[in-house]
Amino acid sequence: MTDDAISEAERKMQFLYALRSKGVMDKRVLTAMEKVDRGAFVTGHFSERAYEDMPLPISCGQTISQPSVVGMMTQALDVTPRDKVLEVGTGSGYQAAVLSHLARRVYTVDRHAALTRPVKKMFEAMDITNVTVLTADGSFGLPEQAPFDRIIVTAAAEDPPGPLLAQLREGGIMVVPVGQSDTVQHLIKVTRLEQSFDYEELMPVRFVPLLEGLGQD
Ligand code: SAH
């Protein structure tokens with residue numbers, strides 16, 4: 001084995017170890033995350049830190065989430081291979097790539113065309129064919145594709161957005177960071193029951209805010 005091959009294998013082991021030590025135990029999630037090279041989603045000089053368990057800046061003043069948070073959110077979403085999933089907040093495309101290995105179909109939307117355009121191209125190059133990348137204000141969901149089995153929001157809302165709750169199928173799960181400020185937010189798991197919604201608070205998190213309207217690009 002060359003030095004490069006050794007360090008790559010080691011890097012992968014450390015990456016997976018960090019996920020497990022932070023509570024990501026679901027085998028399917030770990031396998032999906034093992035398949036997706038986070039280094040491909042981080043550009044510039046931050047790419048050196050792509051395998052560390054930390055959020056990193058991407059373009060448009062946004063961030064690629066911390067791998068263990070991606071893992072915990074994906075685990076809470078409990079995706080099955082039959083599911084149609086909506087992600088609000090494409091960002092770098094990393095979370096969507098992880099979901100592509102778990103779901104039947106993924107729709108991911110971002111308000112910045114400057115983010116969705118390169119992600120679309122990257123998924124074509126990676127031969128990821130079950131993800132549709134769209135530019136839209138995701139707080140209104142994607143009515144033309146609703147209902148969804150799973151919805152994941154990767155930007156923080158003050159409350160779980162009403163249109164997203166309405167587009168969740170009965171028995172469906174939504175995972176969303178909720179908080180009144182940039183600093184105090186909680187990850188919430190919402191399950192749609194027959195006549196109501198069940199809310200479970202999972203863990204403190206820190207996300208960029210869910211903003212209204214399209215980005216200026
Ligand atoms: N899931 C991403 C990280 C997302 S960062 C990843 O894996 O890299 C949060 C993203 O939410 C940003 O890209 C931001 O542009 C987007 N966003 C914020 N408000 C939004 C809205 N109303 N609709 C769609 N996207 C939104």
Side-chain angles (χ1 to χ4, degrees), residues 15 19 24 29 32-33 35-44 46-47 49-77 79 85-103 106-120 122-123 126 128 131-143 145 148 150-165 167 174-179 182 185 187 205-217:
F15 184 77
L19 294 176
V24 185
V29 174
M33 291 186 73
K35 285 184 190 153
V36 182
D37 178 11
R38 189 169 183 253
F41 295 84
V42 181
T43 50
F46 289 109
S47 57
R49 319 204 73 169
Y51 306 100
E52 293 175 31
D53 192 27
M54 52 162 64
L56 293 169
I58 55 170
S59 55
C60 300
Q62 305 303 315
T63 50
I64 176 171
S65 311
Q66 190 173 344
S68 59
V69 172
V70 170
M72 291 304 278
M73 287 177 84
T74 310
Q75 183 166 278
L77 205 59
V79 182
V85 182
L86 172 66
E87 181 195 22
V88 176
T90 309
S92 68
Y94 177 66
Q95 172 77 70
V98 171
L99 290 169
S100 78
H101 292 286
L102 295 165
V106 180
Y107 292 86
T108 181
V109 304
D110 203 288
R111 57 190 288 280
H112 283 291
L115 291 170
T116 54
R117 252 186 265 118
V119 170
K120 238 183 253 181
M122 192 165 49
F123 285 176
M126 291 174 166
I128 294 181
V131 181
T132 305
V133 187
L134 299 164
T135 308
D137 180 348
S139 25
F140 298 103
L142 209 55
Q145 294 298 341
F148 294 95
R150 302 287 186 265
I151 299 178
I152 178 168
V153 186
T154 61
E158 282 193 14
D159 290 300
L164 296 184
L165 291 172
Q167 289 172 33
M174 170 157 80
V175 175
V176 52
V178 171
D182 281 358
Q185 302 164 1
L187 194 62
V205 283
R206 199 163 173 186
F207 275 84
V208 296
L210 189 72
L211 298 174
E212 275 179 28
L214 291 185
Q216 299 302 311
D217 49 46

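Numbers here are sequence positions counted from 1. Not measured: the values here are computed from a predicted model. Every number for a ligand or one of its atoms is a count from 1 in the order of the listing.
Heavy atoms from both the backbone and the side chain of Gln95 come within less than 4.0 Å of ligand 1. The side chain of His112, and not its backbone, has at least one atom closer than 4.0 Å to an atom of ligand 1 (non-hydrogen atoms only; side chain from C-beta on). Of the heavy atoms in Pro209, only backbone atoms (N, CA, C, O) come closer than 4.0 Å to ligand 1. With a 4.0 Å heavy-atom cut-off, ligand 1 is reached by the backbone of Asp110 and by its side chain too.
Ligand 1 has no atom lying under 4.0 Å from any heavy atom of Glu212. For the pair Thr90 and ligand 1, a heavy-atom separation below 4.0 Å is found. For the pair Ser139 and ligand 1, a heavy-atom separation below 4.0 Å is found. In this structure, Gly213 falls outside the shell of residues with a heavy atom less than 4.0 angstrom from ligand 1.
Checking Thr116 against Asp110 by side-chain atom types alone, no donor-acceptor pair falls below 3.5 Å.
The distance from ligand 1 to the heavy atoms of Ile64 drops below 4.0 Å at these ligand atoms: 8 (O). Close approach of ligand 1 to Ala136 (heavy-atom distance below 4.0 Å) involves ligand atoms 23 (N), 24 (C). Close approach of ligand 1 to Leu115 is summarised as follows: ligand atoms under 4.0 Å from at least one heavy atom of the residue are 13 (O). Heavy-atom contacts of Ser92 reach the following atoms of ligand 1: 6 (C), 7 (O), 8 (O) (cutoff under 4.0 Å).
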Do any side-chain atoms of residues 209-217 form donor-acceptor pairs under 3.5 angstrom with protein atoms, and if so which ones, sequence neighbours left out?
{"from": "Asp217", "atom 1": "OD1", "to": "Ala113", "atom 2": "N", "distance (Å)": "3.0"}
{"from": "Asp217", "atom 1": "OD1", "to": "Ala114", "atom 2": "N", "distance (Å)": "3.3"}
{"from": "Asp217", "atom 1": "OD2", "to": "His112", "atom 2": "ND1", "distance (Å)": "2.6"}

Just distance, no hydrogens or angles: give the donor-acceptor pairs under 3.5 Å from side chains in residues 153-161, sequence neighbours left out.
{"from": "Thr154", "atom 1": "OG1", "to": "Val88", "atom 2": "O", "distance (Å)": "3.2"}
{"from": "Thr154", "atom 1": "OG1", "to": "Gly89", "atom 2": "O", "distance (Å)": "2.8"}

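Closest heavy-atom approach to atom 5 (S) of ligand 1 within the set Val153, Thr63, Leu211: this belongs to Thr63.
Looking at atom 14 (C) of ligand 1, its nearest protein heavy atom turns out to be Gln62 OE1, 3.3 Å. Gly138 N, 2.7 Å is the protein heavy atom nearest to atom 23 (N) of ligand 1. Protein heavy atom at the shortest distance from atom 11 (O) of ligand 1 is Gly89 CA, 3.3 Å.
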Please walk me through it: do Thr132 and Val106 pass side chain to side chain contact (heavy atoms under 4.5 Å, CB included)?
-> CA-CA 6 Å; Thr132 305; Val106 180; over 6 Å; no
